[in-house]
Amino acid sequence: MDAESFLGVDAGNPAQRTYRHSRPKFHRMLLEQLAETAVKVEYDMEVMDYFEDASRGRAGVILKDGSKYEADLVVAADGLRGNSWSLVAGKPVPAKSSGKAIFRVAYPVELALADPMVAERFKLQEDGRSVLELWTGPDIQSIFWRNQHEMHWAVTHDDDGSAAESWGHKATPEEVLKYTAAVAGWPEVATRVIKATPADQLVNWRLMWRDPQPTWTSPSGRVVQLGDAAHTFLPTSGNGGTQAMEDAISLAACIAKAGCKENIPDATRVHNLLRFERVSCLQAFGVVNRAKWSAAKAANPSANKKTQGPMHLGKWILVHDPEEYACQRYDEALSHLKHDTPFQNTNTPPGLKYKPWTIDTLIAAAENGEETVLDGDWD
Ligand SMILES: Cc1cc2nc3c(=O)[nH]c(=O)nc-3n(C[C@H](O)[C@H](O)[C@H](O)COP(=O)(O)OP(=O)(O)OC[C@H]3O[C@@H](n4cnc5c(N)ncnc54)[C@H](O)[C@@H]3O)c2cc1C
């Protein structure tokens, strides 16, 4: 199956096309772009705490060595274990285990293609496009794909204590093969791709989770959480990195709309309003996909495409421009926040009426056929 069929989109339509990126190359591109700006970046500085001073319109961070930095706005983009919850929520909001972990790697494709069975199965398409295979079953989800330069694969497994949240926490192919050996019908070609994985490349990552938290801004709006610091994703959403970038684009657009530093709290609060429901729907999408795949059945078989097929990324997910959305809806959203005028987000599934949820209530409601945040047109 090619990537476009897997995602359920029309590859001939540029607006619907999805692009898979090599993470290292993408990071390099961002670093090159950053180098073109005058922004100074300092590395190896650990933020221990965040603060703000509403009377001066300032916010800041306290580093591990005790030093303080201040600014008009602080973006807390320090990932899942971020330290901004005490300021934003008034208390720590710890992430918990999602119950799953993931083996994940990318390595030079030549190593995999040295095996004739792998080379035959993972030929590039005639037009050079990459090839992706997805195998799911009770308690396992796996993806194998290759592009011109790399072989990638990922296999989920139960969080049995062997995994950690670190790119430095490695596993061996033999550990993975112990899991897959117990999977009925596990493809021989997948075993061969795993065996070809170079030692010390394979990550065993513990997947952590935090139920949706609607407020991402500090009380006076001078600190705003962004990306995984604001919202965690399961891999079955396929959206963690994408939504972190959408956040960044939306926030920048809102700050530009705000016009001056006095209005930064308006910008962060509008950004929060424009983004939360969309992100929460995508988090729910991952929860339901995981439940569906784990049980090897749809959570609600009579429902629409959101619960059918491997992973249907509807148009509302793919065809969204967060900059345009922020620019177009900023004034209306600000009026809602300041004067309680009506406001309805349109970057969620059409027809959706947002209802707060948690991972436990969502799964239970979906299994009982009750209405959930997943109702609406997800096509
Ligand atoms: C194994 C794995 C595979 C994934 N695959 C995909 C995928 O294919 N597609 C996708 O869209 N998403 C994927 N994701 C999710 C994606 O990686 C995250 O959603 C995304 O990286 C979030 O970006 P972020 O910038 O918010 O946080 P992060 O990428 O976590 O960045 C946070 C940064 O803050 C730094 N930091 C942390 N604490 C502090 C501190 N106290 N002080 C200073 N700095 C600090 C960290 O060092 C890090 O550089 C995957 C995640 C994992 C774990």
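All residue numbers in this chain count up from 1 along the given sequence. Numbering of ligands and ligand atoms starts at 1, following listing order. The basis for the numbers below is simple: all heavy atoms, side chains too, and nothing from hydrogens, waters or symmetry mates.
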J.: Can you tell me which portion of Met45 lies within the under-4.0 Å heavy-atom range of ligand 1? Options are side chain, backbone, both, or neither.
T.: backbone
J.: Given Gly79, Ala163, Gly238, which has its nearest heavy atom closest to atom 30 (O) of ligand 1?
T.: Gly79
J.: Look up atom CD1 in Ile359 and atom CH2 in Trp209, then write down how far apart they are to the nearest 0.5 Å.
T.: 5.0 Å
J.: Which atoms of ligand 1 sit under 4.0 Å from any heavy atom of Asn83?
T.: 41 (N)
J.: Hey, is ligand 1 close enough to Glu46 that some N/O pair sits below 3.5 Å?
T.: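 In this structure, Glu46 places no N or O atom under 3.5 Å from an N or O of ligand 1.
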J.: Can you name the one residue among Tyr179, Trp153, Phe144 that meets ring pair (Phe, Tyr, Trp, His ring centres under 6.0 Å) with Phe103?
T.: Tyr179
J.: When you measure from atom 38 (N) of ligand 1 to each heavy atom in Leu207, Ile143, Asp78, which option holds the nearest one?
T.: Asp78
J.: Within the structure, does Gly240 bring an N/O atom to less than 3.5 angstrom of an N/O atom in ligand 1?
T.: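 Yes, since at least one N or O of Gly240 sits under 3.5 Å from an N or O of ligand 1.
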J.: Does ligand 1 come near enough to Leu80 that some N or O of the ligand is less than 3.5 Å from an N or O of the residue?
T.: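 In fact, backbone or side chain, Leu80 has no N or O that close.
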J.: I want to confirm something. Looking only at heavy atoms, which of Phe233, Tyr43, Trp167 is nearest to atom 2 (C) of ligand 1?
T.: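 Looking at heavy atoms only, the winner is Trp167.
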J.: Has the side chain of Arg222 got a donor or acceptor atom that lies under 3.5 Å from a matching backbone atom of Ala54?
T.: no
J.: Under 3.5 Å, is there a donor-acceptor pair between the Asp247 and His231 side chains?
T.: yes
J.: Using a strict cut-off of less than 4.0 Å between a Lys/Arg side-chain nitrogen and an Asp/Glu carboxylate oxygen, indicate whether Glu174 and Lys195 qualify as a salt bridge.
T.: no
J.: Of all the atoms in ligand 1, which lie at a distance below 4.0 Å from a heavy atom belonging to Arg23?
T.: 4 (C), 5 (N), 6 (C), 13 (C), 14 (N), 17 (O), 50 (C)
J.: Report yes or no: does a heavy atom of Trp205 sit under 4.0 Å from some atom of ligand 1?
T.: yes
J.: Specify the closest pair of heavy atoms between Thr361 and Thr358, including all atoms of both residues, with the distance to one decimal.
T.: OG1-N, 2.9 Å
J.: Verify whether one side chain among Tyr325 and Asn345 offers a donor that lies under 3.5 Å from an acceptor in the other.
T.: yes
J.: Is there a heavy atom in Val203 that sits closer than 4.0 Å to ligand 1?
T.: no
J.: Is Asp228 close to ligand 1, meaning an N/O of one under 3.5 Å from an N/O of the other?
T.: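 N/O-N/O distance below 3.5 Å exists for this pair.
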J.: When you measure from the side chain of Thr37 to the backbone of Val39, do you find a donor-acceptor pair of N or O atoms at a distance under 3.5 Å?
T.: yes
J.: Of the backbone atoms (N, CA, C, O) and the side-chain heavy atoms from C-beta on, which set of Ala77 has a member under 4.0 Å from an atom of ligand 1: side chain, backbone, both, or neither?
T.: backbone
J.: Ignoring hydrogens, what is the shortest heavy-atom contact between Ser218 and Glu52? Give both atom names and the distance.
T.: OG-OE1, 2.6 Å
J.: So if I count the atoms of ligand 1 from 1 in the order they appear, which ones are less than 4.0 Å from some heavy atom of Gly227?
T.: 26 (O)
